[in-house]
**Student:** 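Next up is a structure, given as structure tokens.
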Amino acid sequence: DSPGAMRCYAAALREDPVNLGALLGLAKAYEKMGLLTLAEAHYRRLLGLRDEPGIWVQLGNVLLQMGRSDEAKQAYARAGPDQPEPYNNLGRVAMLSGRPEEGLELFRKAARLAPNNPDILLNLAEALEGEGRGEEAFEVLRRALAISPRSEAGARLEARYAAWLRENPESATLANDLGAIYHERGMLEEARAWYGRALALDPGLAGVLANLVLRACDLDRVEEAEALWARMAERGEPPPPQVLRWLEGRDQSSPATQR
């Protein structure tokens, strides 16, 4: 979308006025620059050449940004009922317009069509929470986190667990769950700290030693991993397969093995 790219698109159109790639490139560039009238014109020109659902969706997005929601709905309708983006975008409009029930239903439709889209799931979770459906919102956030660990879902789940722990500071289960959230987000030191707190609160909590030994492996802390593994053996808990593979890999790369 640089000026140079736009010049290339314009030159391509001068040579071939029906160059679909150049038309689409210009339309997207104009939209990104906020030149929505020009973007609309290019999307409509594209649709005159090729009637595709994705182009109708993009036209609808531009019309929605221009405040022409009725026309946007008509464009989205032309895209067909199996496109998730229109439902998601119209859901946001409904929420901003003070129609939360309508927004929630639109987000549900979008999520049914795109169950692995973290942005749609985040919108759905927010709408559910606004309607007082906290447990359902929580499950949706967990799904979003599993799909995209770096998404906003992780931060929102972390905040929720932190609030619950302030109310229940002795809950080993909550501490263990927060460790799992940090782990999914790639924050291994934080995960290790919360798993350690869970173990201190309840040494018999199922799974917490396995979580700790795995984090020790992730952080390449050999002595810590071996000590935790020994505790698991004392309790009759089998070590996670990942631990065995990790230790085998270390043995093979040791100087003694290489000789």
**Student:** Can you list every pair that meets ring pair (Phe, Tyr, Trp, His ring centres under 6.0 Å) and has a residue in residues 119-149, with sequence neighbours left out?
**Tutor:**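 Every pair satisfying ring pair (Phe, Tyr, Trp, His ring centres under 6.0 Å) with a residue in residues 119-149: F138-Y161, F138-W164.
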**Student:** Can you list every side-chain hydrogen bond (donor to acceptor under 3.5 Å, both in side chains) pair that touches residues 197-209, not counting sequence neighbours?
**Tutor:**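 Applying side-chain hydrogen bond (donor to acceptor under 3.5 Å, both in side chains) to every pair that reaches into residues 197-209, excluding sequence neighbours, yields nothing.
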**Student:** Treat each ILVMFWY residue as a node, draw an edge where side-chain heavy atoms are under 4.5 Å apart, and state whether L38 and L20 are in one component.
**Tutor:**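 Yes.
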**Student:** Could you tell me whether the side chain of D16 reaches within less than 4.5 Å of the side chain of V18, counting heavy atoms only?
**Tutor:**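 Yes - at least one pair of side-chain heavy atoms lies under 4.5 Å apart.
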**Student:** Scan the side chains in residues 95-105 for donor-acceptor partners under 3.5 Å anywhere in the protein, sequence neighbours excluded, and list what turns up.
**Tutor:**
from : atom 1 : to   : atom 2 : distance (Å)
S97  : OG     : V93  : O      : 2.8
R99  : NE     : E102 : OE1    : 2.6

**Student:** For residues 205-215, dump all side-chain donor-acceptor pairs below 3.5 Å to protein atoms at least two apart in sequence or in another chain.
**Tutor:**
from : atom 1 : to   : atom 2 : distance (Å)
N211 : ND2    : N176 : OD1    : 3.1
N211 : ND2    : G207 : O      : 3.3
R215 : NE     : D218 : OD2    : 2.8
R215 : NH1    : N211 : O      : 3.4
R215 : NH2    : H183 : NE2    : 3.2
R215 : NH2    : D218 : OD2    : 2.9

**Student:** Output yes when a side-chain donor or acceptor of N19 lies under 3.5 Å from a complementary backbone atom of A22, and no otherwise.
**Tutor:** yes
**Student:** To check you understand the geometry: which heavy-atom pair defines the closest contact between A125 and A137, and what is its length?
**Tutor:**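 For A125 versus A137, the nearest heavy atoms are O-CB, 3.4 Å.
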**Student:** If you look only at pairs with a residue in residues 173-183, which of them pass as a salt bridge (charged side-chain N to carboxylate O under 4.0 Å, His left out), with sequence neighbours excluded?
**Tutor:**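 Sorted pair list comes back empty.
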**Student:** Of the non-hydrogen atoms in E158 and L178, which two are nearest, and what is the gap between them?
**Tutor:** CA-CD1, 4.1 Å
**Student:** For residues E31 and Q58, is any side-chain donor paired with an opposing acceptor at under 3.5 Å?
**Tutor:** no
**Student:** Any side-chain heavy atom of R231 sitting closer than 4.5 Å to one from L199?
**Tutor:** yes
**Student:** Just grab all the ring pair (Phe, Tyr, Trp, His ring centres under 6.0 Å) pairs involving residues 68-107, residues at least two apart or on different chains.
**Tutor:** none
**Student:** Do Y9 and V62 belong to the same hydrophobic cluster, where Ile, Leu, Val, Met, Phe, Trp and Tyr are linked whenever their side-chain heavy atoms lie under 4.5 Å apart, directly or via other members?
**Tutor:**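 Yes.
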**Student:** Mind listing the side-chain donor-acceptor pairs of residues 109-120 below 3.5 Å, one per line with the distance, residues two or more places apart or on another chain?
**Tutor:**
from : atom 1 : to   : atom 2 : distance (Å)
N117 : OD1    : D119 : N      : 3.0
N117 : OD1    : I120 : N      : 3.1

**Student:** Which ring pair (Phe, Tyr, Trp, His ring centres under 6.0 Å) pairs, counting each pair once, include a residue from residues 33-56, with sequence neighbours left out?
**Tutor:** Y30-H42
**Student:** Could I get the full list of salt bridge (charged side-chain N to carboxylate O under 4.0 Å, His left out) partners for E184, not counting sequence neighbours?
**Tutor:** R142
**Student:** Indicate yes or no: at least one non-hydrogen side-chain atom of L36 is less than 4.5 angstrom from one of E40.
**Tutor:** no
**Student:** Applying a strict under-4.5 Å side-chain criterion to I, L, V, M, F, W and Y, I'd like to know whether L106 and V140 cluster together.
**Tutor:**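 No; tracing contacts between hydrophobic side chains, which count when under 4.5 Å, never links both residues.
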**Student:** Looking at CD of E139 and CG of L124, how far apart are the two atoms once the value is rounded to the nearest 0.5 Å?
**Tutor:**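 The distance works out to 12.0 Å.
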**Student:** How many angstroms lie between CG in L121 and CD1 in I147, if you round to the nearest 0.5 Å?
**Tutor:**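 These two atoms lie 5.0 Å from each other.
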**Student:** What is the minimum heavy-atom distance between L201 and A175, and which atoms define it?
**Tutor:**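 Heavy-atom minimum between the residues: CD1-CB, 4.5 Å.
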**Student:** Closest approach of L145 and G154, non-hydrogen atoms and distance?
**Tutor:** CD1-CA, 3.6 Å
**Student:** Using a 4.5 Å cut-off on heavy atoms from C-beta on, say whether the side chain of P86 contacts that of V57.
**Tutor:**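 Sidechains of P86 and V57: in contact.
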**Student:** Heavy-atom count check: over 12 atoms from other residues, nucleotides or ligands less than 6.0 Å from E189 CD?
**Tutor:** yes
**Student:** What residues form a side chain to side chain donor-acceptor pair (under 3.5 Å) with R160, not counting sequence neighbours?
**Tutor:**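 Only E129 meet the side chain to side chain donor-acceptor pair (under 3.5 Å) criterion with R160.
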**Student:** Excluding sequence neighbours, so at least two apart, what forms salt bridge (charged side-chain N to carboxylate O under 4.0 Å, His left out) with E136?
**Tutor:** R108
**Student:** Quick check: do L141 and L122 have side-chain heavy atoms less than 4.5 Å from each other?
**Tutor:**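 Heavy-atom side-chain distance check passes, below 4.5 Å.
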**Student:** What closest approach, in Å, do A79 and P53 show between heavy atoms, and which atom pair accounts for it?
**Tutor:** O-CB, 3.4 Å
**Student:** Between R133 and E131, is there a side-chain N and carboxylate O pair less than 4.0 Å apart?
**Tutor:**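 So R133 does not pair with E131 through a salt bridge.
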**Student:** When you look at R78 and D51, which way does the side-chain contact (heavy atoms from CB on, under 4.5 Å) test go after all the steps?
**Tutor:** CA-CA 9 Å; R78 294 290 299 272; D51 191 331; 3.5 Å; yes
**Student:** Group every Ile, Leu, Val, Met, Phe, Trp and Tyr by side-chain heavy-atom contacts under 4.5 Å, then state whether L188 and Y182 land in the same group.
**Tutor:**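 Unlinked, L188 and Y182 end up in two clusters.
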**Student:** For E126, which residues count as a salt bridge (charged side-chain N to carboxylate O under 4.0 Å, His left out) partner, sequence neighbours excluded?
**Tutor:** none
**Student:** What are the two closest non-hydrogen atoms of L59 and R44, and how far apart are they?
**Tutor:**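 Closest approach of L59 to R44: CD2-NH1, 3.8 Å.
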**Student:** Within this structure, what is the CG-CZ distance for the pair L47 and R45, rounded to the nearest 0.5 Å?
**Tutor:**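 Answer for the CG-CZ pair, L47 versus R45, is 12.5 Å.
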**Student:** Kindly compute the distance separating CG (L46) from CG (L24), expressed to the nearest 0.5 Å.
**Tutor:**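 If I round to the nearest 0.5 Å, the distance is 5.5 Å.
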**Student:** Any side-chain heavy atom of L90 sitting closer than 4.5 Å to one from L64?
**Tutor:** yes
**Student:** Ion pair present between R185 and E190, side-chain N to carboxylate O less than 4.0 angstrom?
**Tutor:** no
**Student:** Count I, L, V, M, F, W, Y as connected when their side-chain heavy atoms are under 4.5 Å apart, and connections chain through other members. Are M187 and Y195 then in the same cluster?
**Tutor:** no
